[in-house]
Amino acid sequence: MTVRVRIAPSPTGYFHVGVGRTALYNWLYARRHGGVFIVRSDDTDAERSTQGYQDDILEHLRWLGLDWDEGVEVGGPHEPYRQSLRLGRYHEVADAFLAAGQAYPCFCTPGELDERRKAAMAEGRPPGYDGRCRQIPPAGAAARREAGEAASVRFAVPRPGATDFTDAVRGEMHIGHDHVDDFVILRSDGSPTYQLASSVDDVDFGITHVIRGEDLLSSTPKHILITGAMGGDPITYAHLSLLMGPDGRKLSKRHGDTALRAYRERGIIPEAMVNYLALLGWSPGEDETVVPLGDMIERFDLGDVSRNPAVFDPAKLEWMNGVYLRALEADDFVARALPLVEADVGRALDDDELGRLAFVAPLVQERAKLLTEIAPQVRFLFVDEVSYDEAAWDKVMGAEGVDGVLAAAIDALSAVPEWDTASIETALRGMLEARELSARKGLQPLRVAISGSSISPPLFESMEALGRTRTLARLAGCAARL
RNA sequence: GCCCCCAUCGUCCAGCGGCCUAGGACGCCGGCCUUUCAAGCCGGUAACACGGGUUCGAAUCCCGUUGGGGGCGCCA
């Protein structure tokens, strides 16, 4: 049987890193088994769903490289893949349940329910629905509905009873129906709840494995009950532990960023994000940390998924990003940096500038952890006037004898026959020797002078990239500014 | 309150009865390298929550305690 898995995000917020991880595990499982990965939009919450969030989700799924075989925007044999377009189908299923006595109308109002829930809590009873309307004879219920009385539809959970299933990551599960209330499948306004819509879709779309967050573990009996009532094939469930913030609480906005978009904007590249997310709860078995995507696909197994909650650690993510950044081909690195550099400079670079960027790029590549660190380090190459970092200026330019160093550097560099790194180095080292200065003391003012910062790519190469005229002008301008 | 899940270094993971004086990675600390910042290299720090069993032998199996997480919605 072909493996069919899905990710079904609800477009009620930006694409969350936790959803990203769940999507990744589903995708890996599908690719590992030659299965089908489906993207469905669980947009039954009309109030909170927006097109903007929907776009953000698909954009980031693509950004991560998680291509889907069926679903939203790409289509497939089970179109449409948006729940808001399948409302009729949910009613069909609910009506069938009603007719078969597997569901019943409930006339309790949200207010009453709320009151009873609070009372039950206060008395220490389970706060779930008490099943009151299940006693109403079908004929009477039908009459009341025809008379126009508002009613939701609840699933009649078999009592006594229990649901048993084997979770692919957690093992044998047994949940007594005492702890599963008669849940609503259709709201009184006729809209389907998540429980109904999601389960119906899983059956209709032929989903074989549901890999999702642990927060849905407790409601799995409901989904199994619906699947069974529909006569659908049993589905294998796999519940992933949740992602935590640094304080051990569920990862939320309080801990910083939960939106994948934020990490992307910070300069994380998708390869690193995928690798980091993959290892946040899954282990290839060996003591490996950097695992190429191909290996992941080959080795991914639900049995190797960790059951413990995992703390999302941005520091490790950034370290890993550095690893991937350094592993990039030189031109690939430039290609990824270019948009950020151009945005930083505020215009497109011309051919000459592109050449200069390509020249220094490998030097910044070996020291960058984030894509966003690049532009500030190469900016000095593309602006007419550098803005000096105040702290760097004060610290370096305030030192004794800086004016002499600048003058000597200008002299030495003016005399350089060929403007290349080696000649520049020779000239400057000669200057250092003549003035009996350490490289640390004698070069740092030059760095600040040409780059505006005490942090820059290596000096000699930077000067070559800048060009003789600009370098000299910047040194002179700096001397005048002292 | 009730139900479910989980429990190895600060963090992520390895370990699935003897190979464990518990391994790797991030972080942190120290050193080397060095024209800045990084990167790199070397070294160090640091954990089997607790208590009972089972067994010749438990990080590994069972029970309990404690702790953490999730759920108990006409949200998804």
Side-chain angles (χ1 to χ4, degrees), chain A residues 8-10 12-13 42-45 47-49 106 108-110 113-114 117 120-129 150-154 167 170 173-176 178-181 183-189 191-195 197-198 213-220 239 241-242 244 246 248-250 276 279-290 304 306-313 315-320 322-323 326 363-369 373 377 392 396 425 428-429 432 438-444 446-448 451 453-460 462:
Chain A
S10 174
T12 53
D42 277 16
D43 59 350
T44 51
D45 186 340
E47 286 289 307
R48 297 191 298 145
S49 296
C106 171
C108 301
T109 66
L113 257 15
D114 200 42
R117 184 168 19 253
M121 286 276 228
E123 290 167 37
R125 286 181 289 118
Y129 183 64
S152 61
V153 176
R154 288 181 184 273
D167 188 281
R170 274 153 220 283
M173 301 297 292
H174 172 91
I175 298 179
D178 286 353
H179 306 290
V180 182
D181 69 348
F183 54 101
V184 171
I185 56 176
L186 235 39
R187 302 189 185 94
S188 49
D189 67 359
S191 64
T193 59
Y194 167 79
Q195 317 290 172
S198 177
E214 191 193 355
D215 50 339
L216 289 164
L217 185 56
S218 300
S219 40
T220 301
H239 289 94
S241 61
L242 269 18
M244 300 294 162
R249 314 264 316 170
K250 188 173 174 182
Y276 178 71
L279 263 52
L280 200 57
W282 170 71
S283 165
E286 313 290 315
D287 284 335
E288 292 166 86
T289 310
V290 179
D304 296 326
S306 168
R307 289 175 290 276
N308 326 359
V311 173
F312 186 85
D313 179 9
K316 190 163 184 177
L317 205 212
E318 290 189 11
W319 163 79
M320 186 163 283
V323 171
R326 266 167 263 131
L363 303 170
V364 343
Q365 182 175 7
E366 67 183 63
R367 65 200 72 229
K369 260 189 170 140
E373 290 169 7
Q377 282 193 45
V396 178
E425 174 159 11
L428 256 18
R429 292 227 184 259
L432 251 28
S438 67
R440 193 175 210 95
K441 273 201 155 8
L443 262 26
Q444 197 61 353
L446 307 183
R447 180 189 312 284
V448 174
S451 75
S453 165
S454 56
I455 300 172
S456 84
L459 184 63
F460 311 130
S462 292

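Proteins come first, then strands; the chains are lettered A, B, ... in the order of their sequence lines, and each starts at number 1.
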Colleague: Rounded to the nearest angstrom, tell me the gap between atom CD1 in A/Ile185 and atom P in B/A76.
Modeller: 14 Å
Colleague: Residues two or more places apart in sequence or in another chain: which of them pass side chain to side chain contact (heavy atoms under 4.5 Å, CB included) with A/Arg125?
Modeller: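 Partners of A/Arg125 under the side chain to side chain contact (heavy atoms under 4.5 Å, CB included) test: A/Ala120, A/Glu123.
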Colleague: Ignoring the backbone of A/Asp45, work out which of B/C6, B/C13, B/A76 is nearest its side chain.
Modeller: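 Looking only at heavy atoms from C-beta outward on A/Asp45, the closest nucleotide is B/A76.
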Colleague: Which value, in whole Å, describes the distance between the P atoms of nucleotides B/C50 and B/C41?
Modeller: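 That atom pair is separated by 36 Å.
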Colleague: Looking only at atom P, what distance separates B/G30 and B/A46, rounded to whole Å?
Modeller: 16 Å
Colleague: Which residues satisfy the side-chain hydrogen bond (donor to acceptor under 3.5 Å, both in side chains) test with A/Asp114, sequence neighbours excluded?
Modeller: A/Lys118
Colleague: For A/Gln365, give me all partners under side-chain hydrogen bond (donor to acceptor under 3.5 Å, both in side chains), at least two apart in sequence or on another chain.
Modeller: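 Partners of A/Gln365 by the side-chain hydrogen bond (donor to acceptor under 3.5 Å, both in side chains) criterion come out as none, since no residue qualifies.
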Colleague: Not counting sequence neighbours, which residues clear side chain to side chain contact (heavy atoms under 4.5 Å, CB included) with A/Pro9? List them please.
Modeller: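 So A/Pro9 forms a side chain to side chain contact (heavy atoms under 4.5 Å, CB included) with A/Ile7, A/Val19, A/Ile57.
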Colleague: Output the single nucleotide from B/C6, B/C5, B/C12 whose closest atom is nearest the side chain of A/Asn308.
Modeller: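 Nearest to the side chain of A/Asn308 among the choices is B/C6.
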Colleague: When you compare B/U45 with B/G23, how far apart are their P atoms, in angstrom units rounded to a whole number?
Modeller: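 Pairwise P distance, B/U45 against B/G23, rounds to 11 Å.
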Colleague: Would you mind classifying the nucleic acid contact of A/Gly285 as base, sugar-phosphate or nothing, using non-hydrogen atoms under 4.0 angstrom?
Modeller: sugar-phosphate
Colleague: Under 4.0 Å between any heavy atoms, over every strand shown, what does A/Cys106 touch: base, sugar-phosphate, or nothing? Just pick one.
Modeller: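 The answer is nothing, as A/Cys106 stays clear of every strand by at least 4.0 Å.
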Colleague: Polar atoms only, N or O, under 3.5 Å: list the protein pairs with nucleotides 47-50 of chain B and their distances.
Modeller:
none

Colleague: Write out a two-atom table: protein N or O, nucleotide N or O from nucleotides 19-22 of chain B, distance below 3.5 Å.
Modeller:
none

Colleague: Taking B/C32 as the reference, what is the distance to B/C37 when you measure between their P atoms (whole Å, please)?
Modeller: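 The same atom, P, in both gives a distance of 14 Å.
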Colleague: Under the side-chain hydrogen bond (donor to acceptor under 3.5 Å, both in side chains) rule, collect the residues that match up with A/Ser456, sequence neighbours excluded.
Modeller: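 Once residues adjacent in sequence are excluded, the partners of A/Ser456 under the side-chain hydrogen bond (donor to acceptor under 3.5 Å, both in side chains) criterion are A/Arg447.
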Colleague: Just by protein heavy atoms under 4.0 Å, how would nucleotides 27-40 of chain B read 5' to 3' in B, S and -?
Modeller: S-------BBBBSS
Colleague: Measuring only the P atom in each nucleotide, how far is B/G40 from B/A59? A whole number of Å is fine.
Modeller: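 It comes out at 36 Å once rounded to the nearest Å.
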Colleague: Taking any heavy-atom pair under 4.0 Å as a contact, classify A/Ser10: base, sugar-phosphate, or nothing.
Modeller: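 The answer is sugar-phosphate, as A/Ser10 gets under 4.0 Å only of primed atoms, P, OP1 or OP2.
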Colleague: Just the atom pairs and distances: protein N or O near nucleotides 62-72 of chain B's N or O, under 3.5 Å.
Modeller:
residue	atom	partner	partner atom	Å
B/G69	OP1	A/Arg249	NH1	2.9
B/G70	N2	A/Ser218	OG	3.3

Colleague: Run the side chain to side chain contact (heavy atoms under 4.5 Å, CB included) check on A/Thr289 and A/Met320 step by step: do they pass?
Modeller: CA-CA 9 Å; A/Thr289 310; A/Met320 186 163 283; 3.8 Å; yes
Colleague: Of the listed nucleotides (B/C5, B/U11, B/A25), which one gets closest to any side-chain atom of A/Arg170?
Modeller: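 Per side-chain heavy atoms of A/Arg170, the pick is B/C5.
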Colleague: Heavy atoms, side chains only, cut-off 4.5 Å: are A/Arg170 and A/Glu214 in contact?
Modeller: yes
Colleague: Return the value, rounded to whole Å, for the distance between atom OH of A/Tyr276 and atom P of B/U11.
Modeller: 12 Å
Colleague: At 4.0 Å (heavy atoms only), tell me whether A/Gly322 reaches a base, stays on the sugar-phosphate, or touches nothing.
Modeller: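 The answer is nothing, as A/Gly322 stays clear of every strand by at least 4.0 Å.
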Colleague: Between B/U65 and B/C74, how many Å separate the two C1' atoms, rounded to a whole number?
Modeller: 40 Å
Colleague: Is any side-chain heavy atom of A/Ser438 closer than 4.5 Å to a side-chain heavy atom of A/Gln444?
Modeller: no
Colleague: Tell me what A/Ser306 touches on the nucleic acid: a base, only sugar-phosphate, or nothing, going by heavy atoms under 4.0 Å.
Modeller: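 A/Ser306: backbone/sugar contact only, no base atoms under 4.0 Å.
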Colleague: If you define the side chain from C-beta out and look only at heavy atoms, does anything of A/Phe460 sit under 4.5 Å from A/Leu446?
Modeller: no
Colleague: Which residue lies toward the 5' end of RNA chain B, A/Ala310 or A/Arg125, if each is placed at its nearest nucleotide?
Modeller: A/Arg125
Colleague: Would you say A/Thr44 reaches B/A76's phosphate, i.e. side-chain N/O to OP1/OP2 under 4.0 Å?
Modeller: yes
Colleague: Nearest 0.5 Å, what's the CD1-SG distance between A/Ile185 and A/Cys106?
Modeller: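 Nearest 0.5 Å value for the CD1-SG distance: 11.5 Å.
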Colleague: Below 4.5 Å, heavy atoms only, C-beta onward: do A/Tyr276 and A/Asp313 meet side chain to side chain?
Modeller: yes
Colleague: So which nucleotide does B/C72 pair with, by the Watson-Crick or G-U wobble rule with both distances under 3.5 Å?
Modeller: B/G1
Colleague: With C1' as the reference atom in both, quote the distance from B/A39 to B/A47 in angstrom, rounded to an integer.
Modeller: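 B/A39 and B/A47 have their C1' atoms separated by 30 Å.
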Colleague: Counting distance only, does the side-chain N/O of A/Asp304 pair as donor-acceptor with the main-chain N or O of A/Gly285 below 3.5 Å?
Modeller: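 Side chain of A/Asp304 to backbone of A/Gly285: no pair is present.
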Colleague: Distance check needed: B/C4 P versus A/His174 NE2, whole Å only.
Modeller: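 One finds 9 Å between P of B/C4 and NE2 of A/His174, rounded.
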Colleague: Check the distance between B/C9's P and A/Asp287's CG and give it to me in whole angstrom.
Modeller: 16 Å
Colleague: Would you please name every residue forming a side chain to side chain contact (heavy atoms under 4.5 Å, CB included) with A/Leu363, sequence neighbours left out?
Modeller: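 Partners of A/Leu363 by the side chain to side chain contact (heavy atoms under 4.5 Å, CB included) criterion, ordered by chain and then number, come out as A/Pro457, A/Pro458, A/Glu461.
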Colleague: Measure distances between side-chain N and O atoms of A/Ser188 and base N and O atoms of B/C74, and say whether any donor-acceptor pair falls under 3.5 Å.
Modeller: yes
Colleague: Write down the distance between CD (A/Glu288) and P (B/G23), rounded to a whole number of angstrom.
Modeller: 18 Å
Colleague: Counting any heavy atom closer than 4.0 Å, what does A/Met173 reach on the DNA or RNA strands: base, sugar-phosphate only, or nothing?
Modeller: sugar-phosphate
Colleague: Roughly how far apart, to the nearest Å, are B/C62 and B/G67 at atom P?
Modeller: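 Between the two P atoms, the distance is 22 Å.
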Colleague: Using Watson-Crick or G-U wobble geometry with both distances below 3.5 Å, tell me the partner of B/U35, or none.
Modeller: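 No nucleotide pairs with B/U35.
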Colleague: Quick one: look up who B/C26 pairs with, Watson-Crick or G-U, both distances under 3.5 Å, and put none if it's unpaired.
Modeller: B/G10
Colleague: What residues, two or more places apart in sequence or in another chain, satisfy side-chain hydrogen bond (donor to acceptor under 3.5 Å, both in side chains) together with A/Glu366?
Modeller: none
Colleague: Quick one: ring pair (Phe, Tyr, Trp, His ring centres under 6.0 Å) partners of A/Phe183, sequence neighbours excluded?
Modeller: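 Once residues adjacent in sequence are excluded, the partners of A/Phe183 under the ring pair (Phe, Tyr, Trp, His ring centres under 6.0 Å) criterion are A/Phe155.
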Colleague: Between A/Leu280 (CG) and B/A25 (C1'), how many Å, whole number?
Modeller: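 After rounding, the reported distance stands at 13 Å.
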Colleague: Side chains of A/Cys108 and A/Tyr129: closer than 4.5 Å at any heavy-atom pair?
Modeller: yes
Colleague: Measure CZ/A/Arg307 against C1'/B/U60 and give the value in whole Å, please.
Modeller: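 The answer, rounded to whole Å, is 12 Å.
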Colleague: Need one value for A/Leu428: base, sugar-phosphate or nothing, where a base atom within 4.0 Å counts as base even if backbone is also close, heavy atoms only.
Modeller: nothing
Colleague: Do A/Thr193 side-chain atoms and A/Val184 backbone N/O form a donor-acceptor pair below 3.5 Å?
Modeller: yes
